[in-house]
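This report refers to the structure that appears directly beneath it.
Numbers here simply count residues along the sequence, with the first being 1.
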Amino acid sequence: MTLGFIPEIMGQSLCVLIMTTMATALAAAETVNFDDMKAGAQPPSWTATQTGSGAAKWSVEKDNSAPSKPNVLKQSGQATFPVCFKTDTNIKNGFVQVEFKPIAGKEDQAGGVIWRLQDANNYYIARANGLENNVTIYHTIKGKRTEKKRTNMKVVSGQWHTLRVDFNGNHFTVMFDGKKAIEWDDETFKDAGKVGVWTKADSVTAFDNFTYGSR
């Protein structure tokens, strides 16, 4: 082998390494689109519940506008904070993303994601609100939600939006429709936890393409 082949071989090796790394990262991500689930029922492998009082109603429903047809996960009840999380998840560092559509609500028209959830009363939230036109990050401790940071952004009711949070150690980055909305540092919940979706009060909200992964 001559020295002239070394750069080519090194380049090939680097390309293989990059492709392998990307494949590993992609393999760690999973997407739930609710399309193979029974309409009218709660999604299997999810815990449909709430924080506080009221009666949340989580169900898989057909929606012709869904980014992934035909089904969505819909919250149509009323509670302090309706919460629905993927029961078999346990992520410390990673991301959670969802497409959501605010449909109705006089008090709120909110859609959010939750992460490092310990139980229905302890978790982080990032949410967007169609009535307030903002994106906000919170923590909920023993059922009490506390706002930490917010950014004004246009959130159109009746349209699909994408909300994502990347979390690594104590640093969180919130993206809304592909734009950075919030960066925040906090150490309230350091351990791995579950991921899921969230609404508030009388929000009627549809969710689709729930994606999550660890790193």
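- Between the side chain of Asp208 and the backbone N or O of Ser68, at least one donor-acceptor pair lies under 3.5 Å.
- A distance-only check finds no donor-acceptor pair linking the side chain of Asn33 to the backbone of Asn209 [under 3.5 Å].
- The environment of Lys101 atom NZ is dense: over 12 non-hydrogen atoms of other residues, nucleotides or ligands sit within 6.0 angstrom.
- Residues Arg164 and Asp166 meet the side-chain proximity criterion, which asks for heavy atoms closer than 4.5 Å.
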Legend entry - Trace of the ring pair (Phe, Tyr, Trp, His ring centres under 6.0 Å) decision for Phe189 with Tyr123: CA-CA 7 Å; Phe189 301 115; Tyr123 50 85; 7.9 Å; no
Inset, instruction - List the steps and the verdict of side chain to side chain contact (heavy atoms under 4.5 Å, CB included) for Lys92 and Ser214. - result: CA-CA 7 Å; Lys92 182 175 182 178; Ser214 59; over 6 Å; no
Inset, instruction - For Asn170 and Asp186, run side chain to side chain contact (heavy atoms under 4.5 Å, CB included): C-alpha distance rounded to whole Å, both residues' side-chain angles, the deciding distance at 0.1 Å, then the answer. - result: CA-CA 5 Å; Asn170 69 344; Asp186 184 74; 5.9 Å; no
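- Shown here for Phe85 and Thr49, the closest heavy-atom pair between the two residues is CE2-CG2, 4.0 Å.
- Looking at every heavy atom in both residues, Cys84 comes nearest to Leu73 through SG-CD2, 4.1 Å.
- In this pair, Phe172 and Trp184 present their aromatic rings tilted. The plane angle is within the 30 to 60° band.
- For the residue pair Thr87 and Trp46, no side-chain donor N or O sits within less than 3.5 Å of a side-chain acceptor on the partner.
- Cluster membership for Met37 and Tyr212, using ILVMFWY side-chain heavy atoms within less than 4.5 angstrom, is shared.
- Linking Ile, Leu, Val, Met, Phe, Trp and Tyr residues whenever their side-chain heavy atoms come within less than 4.5 Å places Phe100 and Trp115 in a single cluster.
- Within the 3.5 Å criterion, the main-chain N or O of Asn121 finds no donor-acceptor partner in the side chain of Thr140.
- Salt-bridge annotation for Lys154 and Asp177: absent, with no side-chain N of the basic residue lying under 4.0 Å from a carboxylate O of the acidic one.
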Inset, instruction - Show your reasoning for whether side chain to side chain contact (heavy atoms under 4.5 Å, CB included) applies to Thr173 and Lys180. - result: CA-CA 7 Å; Thr173 303; Lys180 185 183 293 185; 4.2 Å; yes
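- Salt-bridge annotation for Lys194 and Asp88: absent, with no side-chain N of the basic residue lying under 4.0 Å from a carboxylate O of the acidic one.
- Under the 3.5 Å distance criterion, the side-chain polar atoms of Asn71 are matched with a main-chain donor or acceptor of Phe34.
- Looking at every heavy atom in both residues, Gln75 comes nearest to Lys57 through OE1-N, 2.9 Å.
- A donor-acceptor contact shorter than 3.5 Å is absent between the side chain of Asp108 and the backbone of Ala110.
- Contact record, Gln118 with Gly193: NE2-CA, 4.0 Å, taken as the closest heavy-atom pair.
- In this structure, Asn122 contributes its side chain and Lys142 its backbone to a donor-acceptor pair below 3.5 Å.
- In the hydrophobic clustering of ILVMFWY residues, with side-chain heavy atoms under 4.5 Å counting as a link, Val195 and Ile141 come out together.
- Judged by distance alone, the side chain of Asn168 and the main-chain N or O of Gly94 form no donor-acceptor pair under 3.5 Å.
- No donor-acceptor pair closer than 3.5 Å links the side chain of Ser59 to the backbone N or O of Gly40.
- Between Asp35 and Pro70, the shortest heavy-atom distance links the atoms OD1-N, 3.4 Å.
- Side-chain atoms of Lys148 and Tyr138, non-hydrogen and from C-beta on, never get closer than 4.5 Å to each other.
- When each of Arg150, Arg145, Lys149, Lys144 is tested with Glu147 by the rule salt bridge (charged side-chain N to carboxylate O under 4.0 Å, His left out), just one qualifies, namely Arg150.
- The distance from atom OG of Ser203 to atom CD of Gln78, rounded to the nearest 0.5 Å, is 9.0 Å.
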Inset, instruction - Any chance you could lay out the side chain to side chain donor-acceptor pair (under 3.5 Å) test for Gln97 and Thr211, step after step, and finish with the verdict? - result: CA-CA 5 Å; Gln97 175 178 304; Thr211 307; 5.0 Å; no
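- Under the 3.5 Å distance criterion, the side-chain polar atoms of Gln50 are matched with a main-chain donor or acceptor of Ala56.
- No option in Val72, Thr199, Val32 other than Thr199 meets the side chain to side chain contact (heavy atoms under 4.5 Å, CB included) test with Phe207.
- Inter-residue side-chain proximity for Val174 and Val135 is flagged as met; some heavy-atom pair is nearer than 4.5 Å.
- Counting only heavy atoms from C-beta outward, the side chains of Arg116 and Asp191 never approach each other to under 4.5 Å.
- Note on Phe210 and Ile114: separate hydrophobic clusters, where clusters join Ile, Leu, Val, Met, Phe, Trp and Tyr whose side-chain heavy atoms are under 4.5 Å apart, directly or indirectly.
- One hydrophobic cluster, built from ILVMFWY side chains closer than 4.5 Å, holds both Leu163 and Ile137.
- Arg127 and Glu132 are joined by a salt bridge, as a carboxylate oxygen and a charged side-chain nitrogen come within less than 4.0 angstrom of each other.
- The two residues Gly105 and Leu131 make their nearest non-hydrogen contact at O-CD1, 3.6 Å.
- Side-chain contact check for Glu99 and His161: no donor-acceptor pair (N or O, by modelled atom type) lies under 3.5 Å.
- A side-chain donor-acceptor contact under 3.5 Å links Trp58 to the backbone of Val83.
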